[in-house]
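Have a look at the structure below, then the notes.
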Number of protein chains: 4
Amino acid sequence: MVTGSSKPQQRRGDTRQRIQDVALELIAEQGYEKTSLREIAERLGVTKAALYYHFKTKEDIVVSLFSDLMAPINELITWAKEQPRPAPLETKREILTRYSEALSEAAPLFRFMQENQAQMRELSIGENFKDRMHDLIAQLLPEDASLTDRVRCISALFSMHAGMFVLKDVEGDPEEKRLAILEVATDLITQAHKH
Amino acid sequence: MVTGSSKPQQRRGDTRQRIQDVALELIAEQGYEKTSLREIAERLGVTKAALYYHFKTKEDIVVSLFSDLMAPINELITWAKEQPRPAPLETKREILTRYSEALSEAAPLFRFMQENQAQMRELSIGENFKDRMHDLIAQLLPEDASLTDRVRCISALFSMHAGMFVLKDVEGDPEEKRLAILEVATDLITQAHKH
Amino acid sequence: MVTGSSKPQQRRGDTRQRIQDVALELIAEQGYEKTSLREIAERLGVTKAALYYHFKTKEDIVVSLFSDLMAPINELITWAKEQPRPAPLETKREILTRYSEALSEAAPLFRFMQENQAQMRELSIGENFKDRMHDLIAQLLPEDASLTDRVRCISALFSMHAGMFVLKDVEGDPEEKRLAILEVATDLITQAHKH
Amino acid sequence: MVTGSSKPQQRRGDTRQRIQDVALELIAEQGYEKTSLREIAERLGVTKAALYYHFKTKEDIVVSLFSDLMAPINELITWAKEQPRPAPLETKREILTRYSEALSEAAPLFRFMQENQAQMRELSIGENFKDRMHDLIAQLLPEDASLTDRVRCISALFSMHAGMFVLKDVEGDPEEKRLAILEVATDLITQAHKH
DNA sequence: AATGAATGAGATTTCATTCAT
DNA sequence: CATGAATGAAATCTCATTCAT
C-alpha cells in the first residue's frame, strides 16, 4: 500500500485514496466483475454507502484509478511524441528505458489492464490508451516499416506490459527481470531500426 | 460457425455443440462473468434450463470448451516434449511452426484465455496450461539459458498467443500476419539457441 | 380480488394474475413509488425474483395492469368516436351512461391513476389516455364550443373519473352515488349541447 | 418565483424560503417520493446537511409549505363559515369568487396536492384539509340537500381545485380559463341552491 | 430433450438522516 | 449558517441453479 500514515489510530481525509488502493488490489486479483463493492467496503471497514460518497459509480472508481496512475505514463508518451522524427536509435533506446521504468511503477495498473481486457473495452479509457500506443509505435518505427518489423515493435511493447506478471514464476530478482525484458525489447527495436 | 449440419431443417443432438459455440463467442467478447446463461440461452432460442440438461454448471461449459479445443494443442506439446533433448535448432523451428498453425485454429479459445485471465486462475485448467507451457519452454531453451534468453522464449510464445488480437487493427491479410509473428518468434528462439 | 380459485390449497398458473391484483391494490392505496416489490412479493408468499419471472420490470407490472383494465374503456371510446358527428343529445347521453358503467368496473384502475398522476406522466400510457380523452371530448362537444362549455364537458368527465373516491365519505349506496354523478355529468353535457 | 430580494448580490436569511420554493416546484412536478433531498440541495447549490439546519425532516419541509401557502385559503374558509346560515345565493357566489382567486394564487400548492394524494393521506394535514372542505360544503349547500345537489357542489369545488392543471392543454389565457371554471362552478351551486 | 416456475444469494445504487467541526 | 463524511435501511434488479413435468 502506498498511503502509509504515521498516525494509524485515526486517518482523516484519506478515505478516497484508501478506496482506490483497495479497489486496485482486489480488482487486479479477481477481476472487475467479481470484485463487489461490499468486499471493498468491508476490507476498509466502512459501509457501501461511504464508497458512493466518494465515487459516483463503481465504474467511476476504476476510471479515477486509471486517470491517476496513467498520468506519468501519458506524460512520458507525450514527451516521446515530441522528439524529432525519424528518431535516432539512441532516442528510441531512451524511450524504452524510461518506459520500462514508468511501467514498473504503474505495475498494479498494468496487471489490472491485463486481467480486465473485456472491461477495458467498455471503459472509454481503453480507446484513449490504444491511441497512445499508436503514437508510441509511430515514434519507434520507421514509417515504411515492414509488417515483420511492426510485429517486432508491438511484441516489444506488449512484452514490457505483460512481462512482470508472466515472469512471476521465473526465479530471480524483479529488478533483474525488468532489465532482461528491457534488453529483449531494445534488441527488437534495434533490429527494426536497422532495416 | 463451425458446426454445419447437412440437414438444416431439423437439428438433433447438436445442441451441446451449439451451446459451446455461442458460449465461446460471447465469453470471448464480454468475459466470463459478464456473460450470463440467460444471454446464451436466448441467443440459442432455448431456455436456461435446457443448458442444464447438457452441462452441470456454467463453469462446466467452459471446462468442456477448453478440453475440446485444447486437445490438438496438447497433442502438439506432447509431441514436442518427446523430441530428443537438447533439440537442434531445426526441431525448435518446426515446433514453432506447428504451434503457430495449431494456435490459429484455436484462435477463439486464446482470445477467451486472454480476456479471462482472472477466471483462468480458478478454473483448475489454468494450472494445467501453465505446466504445458513449462514443458514447451524447456524444450525450446538450453537448460542453463540466461535470464535474457528465457525472456526471449517467453516473449516469443506470448506474442504468438496474443498476436492475433493485438494485431487486429494493423492492416494486412491474417495469414500474412501470422507468418510475420512466426518469423519474429523464430528469430527470438534462434538467438536464444546460439548463446 | 377477482381470481377466486375453488381449490385454495394449490394454485397454478395464476401467479401472473395474482401479482397484478396485489400490485393494483397496493399501488392504489400507497402510490407507485412507495409500493415496493418486496411488499408485493411478501403478500403473495413468493420471492421478489418470482415477480421478475413474470414481469420484466416494476414499471412493466403497471403497464400490463393498464393495458388489461383499460381495454373495455378503450373499446367504448372507440365506439363513441365512430358515432356520426355532430352527435345528437341522445347519443351523448348514451355515451355518458355507458362510460359511467365502464368506469365503475375499472374503479381500482382510476383510483390508481388519480393517486399516481406524477407517475402516469412518465409511463407513456399517460399520453395514450390523454389522446383518448380528446376524442371523447370532441364527440361530446360542438366543434365551436365556447370555453365555458368546454370546461363543462371536462368537468363532467373529470367528476366521473374522480367521483367514486371523492364521495367516499358521503353516506349512501355506491350505485346511487354513481347515478347521481351520472346525472350531474349529463346535465353539464346537456347545457353544453344547447348553446 | 415569489421571493424577490432587493439586494441580489448576497442573499441572507432567505435560504429557508428558497428551499421551500424549490421543494414545491420539484415535488409538484415529480411527486413527493421521487423528489430527493439531494436533488433539492443540488439545485440550490447547498449540501443536504444544510436542509437539515432549516427543517427537521423531509416531511417537515412539506408541512411548512402547506401551512404557509394554505393560510390565506384557511382564512377565507373561516370567513365563509362565519357567514349567517343558510346563506343567500349572493353570499355563496361571493364565496366561490373569492375561493377562485385564492386558489389561483396557491396554484402550485394545489398541483402538489393533486399529484401527491397518496402522500397527503399520511401527512396529517390531509385530514385537516378534508375538514375544511366539509365546512365549505356545508355553507354552500342547504342542509337537507339531495345527493345529486351534494354531488353538484363537490364537483364544483373539485373542478376549481383541479381545473388549472386539467386545462393545461386547452388553448386560452389563464385568467379567462379561471373565469370559465368559476362560471361553471357558480352555475352548479346556483342549481343546488334552487332545489 | 427441454420447459415453466421459482428460489436464494447477492449485485449496484439511492435515500433520509446524523454529527463533529 | 453550513459542510464533509458517513451510515443503516431499503430499493430494483440479475444470476446461477433446481425440479417437477
Side-chain angles (χ1 to χ4, degrees), chain A residues 11-16 19 32-41 44-61, chain B residues 11-16 19 32-41 44-61, chain C residues 10-16 19 33-41 44-61, chain D residues 11-16 19 32-41 44-61:
Chain A
R11 307 195 205 92
R12 198 188 297 149
D14 63 345
T15 303
R16 208 189 128 95
I19 293 171
Y32 176 82
E33 299 277 357
K34 217 175 189 186
T35 302
S36 70
L37 295 183
R38 179 181 56 68
E39 207 177 351
I40 296 176
L44 280 170
V46 297
T47 59
K48 278 174 287 167
L51 304 187
Y52 278 90
Y53 177 76
H54 293 282
F55 298 94
K56 251 193 349 232
T57 62
K58 186 185 179 185
E59 186 173 325
D60 201 37
I61 299 180
Chain B
R11 303 195 208 92
R12 199 189 296 154
D14 65 342
T15 302
R16 208 188 126 94
I19 293 171
Y32 176 81
E33 298 277 358
K34 215 175 189 185
T35 303
S36 69
L37 294 185
R38 177 176 60 64
E39 208 177 351
I40 296 175
L44 280 169
V46 298
T47 59
K48 271 181 294 170
L51 304 186
Y52 279 88
Y53 179 80
H54 294 281
F55 298 95
K56 243 183 15 216
T57 63
K58 185 184 181 186
E59 189 173 322
D60 201 37
I61 299 180
Chain C
Q10 212 165 343
R11 306 193 205 97
R12 199 187 299 148
D14 63 342
T15 303
R16 205 189 131 96
I19 292 171
E33 299 278 357
K34 217 176 187 183
T35 303
S36 70
L37 297 183
R38 178 181 57 67
E39 208 176 351
I40 297 175
L44 280 170
V46 298
T47 60
K48 279 173 287 167
L51 305 187
Y52 280 93
Y53 177 75
H54 292 282
F55 299 94
K56 251 199 341 237
T57 62
K58 184 185 180 184
E59 187 174 324
D60 200 37
I61 298 180
Chain D
R11 304 195 208 90
R12 197 190 297 154
D14 65 342
T15 302
R16 209 188 126 94
I19 292 171
Y32 176 81
E33 298 278 356
K34 216 176 188 184
T35 302
S36 69
L37 295 186
R38 178 176 60 66
E39 207 177 350
I40 296 175
L44 280 169
V46 297
T47 59
K48 273 181 292 172
L51 305 186
Y52 279 89
Y53 179 80
H54 293 281
F55 299 94
K56 241 181 19 213
T57 64
K58 184 185 180 185
E59 188 174 323
D60 201 36
I61 299 179

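Below, chains carry the letters A, B, ... as their sequence lines are ordered, and counting in each starts from 1.
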What are the two closest heavy atoms between [X] and [Y], and how far apart are they?
X      : Y      : value
L37(D) : L51(D) : O-CD1, 3.7 Å
E39(B) : K34(B) : OE1-O, 4.0 Å
D60(C) : K56(C) : OD2-N, 3.3 Å

Go through [options] for me and flag the one nearest to the [X] side chain.
X      : options                   : answer
T47(B) : dT17(F), dT3(E), dA16(E)  : dT3(E)
A49(C) : dC13(F), dT7(E), dC19(E)  : dT7(E)
K58(A) : dC15(E), dT12(E), dA11(E) : dT12(E)

Taking OP1 and OP2 of [N], is either one under 4.0 Å from a side-chain nitrogen or oxygen of [X]?
X      : N       : result
T57(D) : dA16(E) : no
T15(D) : dA2(F)  : yes
R38(A) : dT12(E) : no
S36(B) : dT14(F) : no
H54(C) : dG4(E)  : no

**Report entry** 5' precedence on DNA chain E between L51(B) and E33(A) (nearest-nucleotide basis)
**Finding:** L51(B)
In whole Å, I'd like the distance from the [atom1] atom of [X] to the [atom2] atom of [N].
X      : N       : atom1 : atom2 : value
I61(D) : dA16(E) : CD1   : C1'   : 11 Å
I40(A) : dG10(E) : CD1   : C1'   : 15 Å
F55(A) : dT12(E) : CZ    : C1'   : 16 Å
D14(C) : dA5(E)  : CG    : C1'   : 12 Å
L44(B) : dA1(E)  : CG    : P     : 16 Å
E39(C) : dC13(F) : CD    : C1'   : 18 Å
Y52(C) : dG8(E)  : OH    : P     : 17 Å

Query raised in the report: Cation over ring, K58(C) on Y52(C), under 6.0 Å and within 45°?
Result: no
Report summary line: Using Watson-Crick geometry (N1-N3 plus N6-O4 or O6-N4) or G-U wobble (N1-O2, O6-N3), each under 3.5 Å, dT21(F) is paired with dA2(E)
Query raised in the report: Who does dA16(E) pair with, Watson-Crick or G-U, both distances under 3.5 Å?
Result: dT7(F)
Report task. Kindly indicate, with the supporting measurements, whether the criterion side-chain contact (heavy atoms from CB on, under 4.5 Å) is fulfilled by Y32(D) and E33(C). Result -> CA-CA 9 Å; Y32(D) 176 81; E33(C) 299 278 357; over 6 Å; no
Query raised in the report: When you match K48(A) and K34(B) each to their closest nucleotide on DNA chain F, which lands nearer the 5' end?
Result: K48(A)
Query raised in the report: Starting at the 5' end of DNA chain F and moving along, which residue's nearest nucleotide shows up first, Y53(D) or K56(C)?
Result: Y53(D)
